[in-house]
Number of protein chains: 2
Amino acid sequence: METEQEKSQKKFHHADDCPITSTIDVIGGKWKPPIIWLLLKEPMRFGDIHKSMPGMALKVLSRSLKELETDGIIIRTAFPEIPPRVVYSLSDKGESLREIMKLLSQWSREHIMKLEEVA
Amino acid sequence: METEQEKSQKKFHHADDCPITSTIDVIGGKWKPPIIWLLLKEPMRFGDIHKSMPGMALKVLSRSLKELETDGIIIRTAFPEIPPRVVYSLSDKGESLREIMKLLSQWSREHIMKLEEVA
DNA sequence: CAGTATCCTCTTGGATACTG
DNA sequence: CAGTATCCAAGAGGATACTG
């Protein structure tokens with residue numbers, strides 16, 4: 001009998017069709033994982049996210065947030081105040097990434113950070 | 001009491017320190033996931049991997065394989081024959097990605113492909 | 001405060017030709 | 001067969017100045 005993995009492997013012939021690639025497209029890149037990771041803890045304002053990521057250019061943050069919003073991972077809520085206040089939070093779809101994020105983080109601690117201790 | 005997630009979030013202030021980012025660095029990019037996915041099924045020769053990924057440039061494949069080898073994910077075995085034969089297989093560390101890959105693939109099927117059916 | 005606009009560099013990805 | 005070498009295009013990432 002055919003396994004689940006074999007079934008889904010038959011589905012793709014190009015990388016674009018690979019189910020894993022399409023997930024990486026959504027959560028991949030240098031800054032999206034830390035952004036999701038932060039928002040998994042609590043909703044945050046634009047400026048606070050920025051402050052939490054020293055080194056990330058403003059443009060990169062705003063583009064990342066826009067893409068995550070387009071992909072339905074996060075929700076942007078703007079309050080019509082002066083000065084403006086914008087809060088980003090995870091959608092249900094974004095929340096559903098929690099287990100994956102935990103696994104990715106765990107794998108890193110077990111397979112990457114331990115090497116650094118040795119080095 | 002402090003959760004596991006809170007503990008590891010304290011550890012990073014830059015994206016480079018984010019544990020999830022360092023995992024994405026290893027398995028991210030356009031072609032690495034499909035390569036790992038293929039090798040999770042069985043060891044494969046260079047040419048066969050190439051044939052399985054139409055559209056991927058040779059240079060990209062060889063660079064990806066080299067990086068995966070450097071990161072300890074795959075093992076390169078060259079047989080001293082003419083014509084040469086080189087087989088790539090997963091290391092234990094690569095094999096340990098199986099659960100993550102399954103989750104990523106599953107998430108895609110549940111949250112991305114279903115949208116395409118509607119569209 | 002929450003972004004845009006501009007200009008820049010570096011990496012990734014890609015097509016094609018060539019080699020041990 | 002299993003790659004390299006070369007040249008090129010596109011996008012990600014980054015620093016800084018500006019705006020509603």
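This one's a predicted model, so the numbers in the text were calculated from it and none came from an experiment. Residue numbers start from 1 in every chain, and the chains themselves are labelled A, B, ... in the order their sequence lines are given, proteins ahead of strands. The analysis underlying the following values was restricted to heavy atoms, covering all of them including side chains, and did not include hydrogens, waters or symmetry mates.
- Atoms CD1 (A/I27) and P (D/dA12) sit 16 Å apart, rounded to a whole Å.
- Listed for the A/S91 side chain is a donor-acceptor partner under 3.5 Å among the backbone atoms of A/G72.
- Of the candidates C/dA17, D/dG13, D/dA2, D/dG13 carries the atom nearest the A/K30 side chain, counting heavy atoms from C-beta on.
- The side chain of B/S62 contributes no N or O atom lying less than 4.0 Å from OP1 or OP2 of D/dA2.
- When the nucleotides C/dC1, C/dT4, C/dA17 are ranked by their closest atom to the side chain of A/P83, C/dC1 comes out on top.
- B/Y88 places its OH atom 11 Å from the C1' atom of D/dC1, with the value rounded to the nearest Å.
- B/L68 has its CG atom 12 Å from the P atom of C/dT12, to the nearest Å.
- In the set C/dT4, C/dG13, D/dG3, the nucleotide with an atom closest to the side chain of B/V60 is C/dG13.
- Separating the NZ atom of A/K32 from the P atom of D/dG11 is a distance of 14 Å, rounded to the nearest angstrom.
- For A/I35 and D/dA12, the CD1 to P distance is 14 Å, given to the nearest whole Å.
- The separation between B/L58 atom CG and D/dC7 atom P is 18 Å, rounded to whole Å.
- A side chain to side chain contact (heavy atoms under 4.5 Å, CB included) with B/L68 is found for one member of B/I74, B/L39, B/I27 and no other, namely B/I74.
- Of the candidates D/dC1, D/dG3, C/dT4, D/dG3 carries the atom nearest the B/F46 side chain, counting heavy atoms from C-beta on.
- For the pair B/K51 NZ and D/dC1 P, the computed distance is 7 Å after rounding to whole Å.
- The nearest heavy atom of DNA chain D to A/R63 and to B/R45 marks one nucleotide each, and the one closer to the 5' end goes with B/R45.
- Screening B/E42, B/K41, B/E95 for a side chain to side chain contact (heavy atoms under 4.5 Å, CB included) involving B/L90 leaves a single residue, B/E95.
- Contact between B/I20 and A/P33 at its shortest, heavy atoms only, is CG2-CB, 3.5 Å.
- Of all nucleotides present, only D/dC1 satisfies the Watson-Crick or G-U wobble test against C/dG20, with each distance under 3.5 Å.
- Nearest-nucleotide positions on DNA chain C for A/V86 and B/S64 put A/V86 closer to the 5' end.
- Comparing A/A57 and A/P84 against DNA chain D, the residue whose closest nucleotide sits nearer the 5' end is A/A57.
- Atom-to-atom, NE2 of A/H50 to C1' of D/dA15 comes out at 11 Å; the value is rounded to the nearest Å.
- Using a 4.0 Å cut-off between charged side-chain N and carboxylate O, A/D48 and A/R45 make no salt bridge.
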